[in-house]
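Numbering starts at 1 and runs along the sequence shown.
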Amino acid sequence: MLTPEEFRRRAIRRFHRLGRLDNYDDLQVLELLLLFALPPESAQAAATELLDYYGSVASILEAPTLELQTFPHMTVEAMALIHLVPELGRYHMVQRACLARPLNTTTDCGNYLLPHFHGEQDEVVYLLCLDANYQPRDCRMLFRGSVNTAGVSVRSIVRVALACNATWVVLAHNHTSDVPMPSVEDERTTHRVWKALDAVGIGLADHIIVAGGSFVSMMDLGLLTDHGAGSGEPPAT
């Protein structure tokens with residue numbers, strides 16, 4: 001009979017030999033992951049319980065801690081590992097996107113921003129600051145909550161843009177509805193941001209809306225064509 005360490009090593013060797021998860025089912029994928037935090041018997045039991053409840057690995061990776069901790073075989077280490085996987089994927093995609101420079105087009109900007117929203121369950125707002133050559137100077141999450149709520153401070157957007165010495169900025173937020181098309185309120189908020197930035201000589205190059213793993217550009221939709229500002233021309237469509 002294999003010891004727990006031998007069982008773990010055998011599972012790891014199998015993954016190294018296959019190199020991918022294509023030949024694994026959901027139970028095997030989850031069990032392999034949990035073996036790095038739990039003894040084999042607990043990993044098997046926890047994987048079975050979680051899949052019975054959530055139905056898929058994807059749903060488990062997105063499950064909140066308050067739910068995961070109710071399962072008897074779960075530990076702090078196992079929950080941390082489950083949450084680390086999607087966050088590590090997001091981190092990887094963001095770093096890969098950062099290699100695509102400068103951001104000369106609206107598509108470049110959208111592809112740069114898209115990974116930042118990976119795994120987000122809430123609406124969040126990002127600001128991408130560009131210099132005159134469309135090189136990213138900064139990209140940061142400014143708010144958690146709808147871009148159209150009172151919590152979105154136009155003054156804060158301007159302050160960050162000025163602090164980064166930006167020539168152009170791209171506003172971005174996600175729709176949790178999986179429908180990326182801008183609403184009337186999105187257009188109104190965009191106009192307020194554009195006016196505030198224009199007053200300090202910074203251009204609003206675009207407002208990107210992310211949903212369902214894709215994005216739309218308000219510039220490409222013709223909703224920013226009369227909002228030119230800043231020095232030079234905004235990124236091309």
Side-chain angles (χ1 to χ4, degrees), residues 90-118 120 123-175 180-211 213-237:
R90 187 193 73 84
Y91 188 82
H92 171 242
M93 289 190 292
V94 167
Q95 285 211 330
R96 287 290 300 271
C98 290
L99 299 176
R101 301 167 66 156
L103 307 180
N104 292 313
T105 69
T106 55
T107 300
D108 289 340
C109 293
N111 287 333
Y112 182 97
L113 285 158
L114 188 61
H116 290 75
F117 294 90
H118 177 71
E120 281 291 353
E123 289 194 14
V124 292
V125 182
Y126 276 84
L127 188 69
L128 169 62
C129 296
L130 307 173
D131 65 17
N133 296 315
Y134 314 122
Q135 297 280 356
R137 298 188 65 87
D138 188 71
C139 185
R140 68 179 72 177
M141 186 175 70
L142 295 184
F143 313 104
R144 183 168 291 276
S146 172
V147 71
N148 304 313
T149 63
V152 176
S153 167
V154 175
R155 186 177 302 171
S156 295
I157 292 174
V158 173
R159 184 169 61 246
V160 170
L162 287 171
C164 293
N165 196 26
T167 300
W168 298 97
V169 299
V170 177
L171 189 65
H173 79 284
N174 61 321
H175 285 178
M181 296 305 293
S183 65
V184 173
E185 283 303 313
D186 289 337
E187 294 185 42
R188 290 173 180 165
T189 299
T190 303
H191 184 71
R192 288 194 297 118
V193 173
W194 164 73
K195 284 186 66 177
L197 290 167
D198 185 54
V200 295
I202 298 174
L204 178 62
D206 205 348
H207 185 167
I208 300 289
I209 301 173
V210 176
S214 62
F215 63 87
V216 298
S217 156
M218 290 182 65
M219 174 66 78
D220 288 351
L221 293 176
L223 300 176
L224 284 173
T225 53
D226 60 342
H227 289 177
S231 175
E233 295 294 327
T237 60

Requested in this report: Show your working on side-chain contact (heavy atoms from CB on, under 4.5 Å) between Met181 and Leu221 and close with a plain yes or no.
Outcome: CA-CA 10 Å; Met181 296 305 293; Leu221 293 176; 3.9 Å; yes
Query raised in the report: Where do Thr190 and Leu223 land on the side-chain contact (heavy atoms from CB on, under 4.5 Å) test, with the steps shown first?
Result: CA-CA 9 Å; Thr190 303; Leu223 300 176; over 6 Å; no
Report task. Check the pair Met218, Glu187 against side-chain contact (heavy atoms from CB on, under 4.5 Å), reporting the backbone distance first and the verdict last. Result -> CA-CA 9 Å; Met218 290 182 65; Glu187 294 185 42; 3.9 Å; yes
Query raised in the report: Where do Asn165 and Asp131 land on the side-chain contact (heavy atoms from CB on, under 4.5 Å) test, with the steps shown first?
Result: CA-CA 7 Å; Asn165 196 26; Asp131 65 17; over 6 Å; no
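The shortest non-hydrogen separation linking Val154 to Ala196 is CG1-CB, 3.2 Å. Closest approach of Phe143 and Ile157 over heavy atoms only: CE1-CG1, 4.1 Å. Closest heavy-atom contact between Ala166 and Ile202: O-CG1, 3.6 Å. In terms of heavy atoms, Ala205 sits closest to Val170 at CB-CG2, 4.0 Å. Across all their heavy atoms, His116 and Tyr126 have their closest contact at O-OH, 3.5 Å. Looking at every heavy atom in both residues, Arg137 comes nearest to Cys164 through NE-O, 2.5 Å.
Put simply, the side chain of Asn133 never gets that close to the backbone of Gln135: no donor and acceptor are under 3.5 Å apart. Proximity of a side-chain donor or acceptor of Asp198 to a complementary backbone N or O of Trp194 within less than 3.5 Å is not detected.
Separating the CZ atom in Arg192 from the CZ atom in Arg188 is a distance of 11.0 Å, to the nearest 0.5 Å. Ile208 contributes atom CD1, which lies 9.5 Å from atom CG of Leu114 (distance to the nearest 0.5 angstrom). We find the CD-CZ distance between Glu120 and Arg144 to be 4.5 Å, quoted to the nearest 0.5 Å. Thr105 contributes atom OG1, which lies 11.0 Å from atom OH of Tyr134 (distance to the nearest 0.5 angstrom).
Within the 4.5 Å cutoff, the side chain of Leu197 has heavy atoms near those of the Val158 side chain. Between His118 and His92 there is no side-chain heavy-atom pair separated by less than 4.5 Å. Side-chain contact between Ile209 and His173 is present, with heavy atoms from C-beta onward closer than 4.5 Å. Considering only heavy atoms from C-beta on, Val210 stays 4.5 Å or farther from Leu113 through its side chain. Under the 4.5 Å side-chain criterion, counting only non-hydrogen atoms from C-beta, Leu128 is in contact with Tyr112.
A donor-acceptor contact closer than 3.5 angstrom is absent between the side chains of Asp186 and Thr189. Residues Asp206 and Thr106 bring no donor and acceptor atom of their side chains to less than 3.5 Å of each other.
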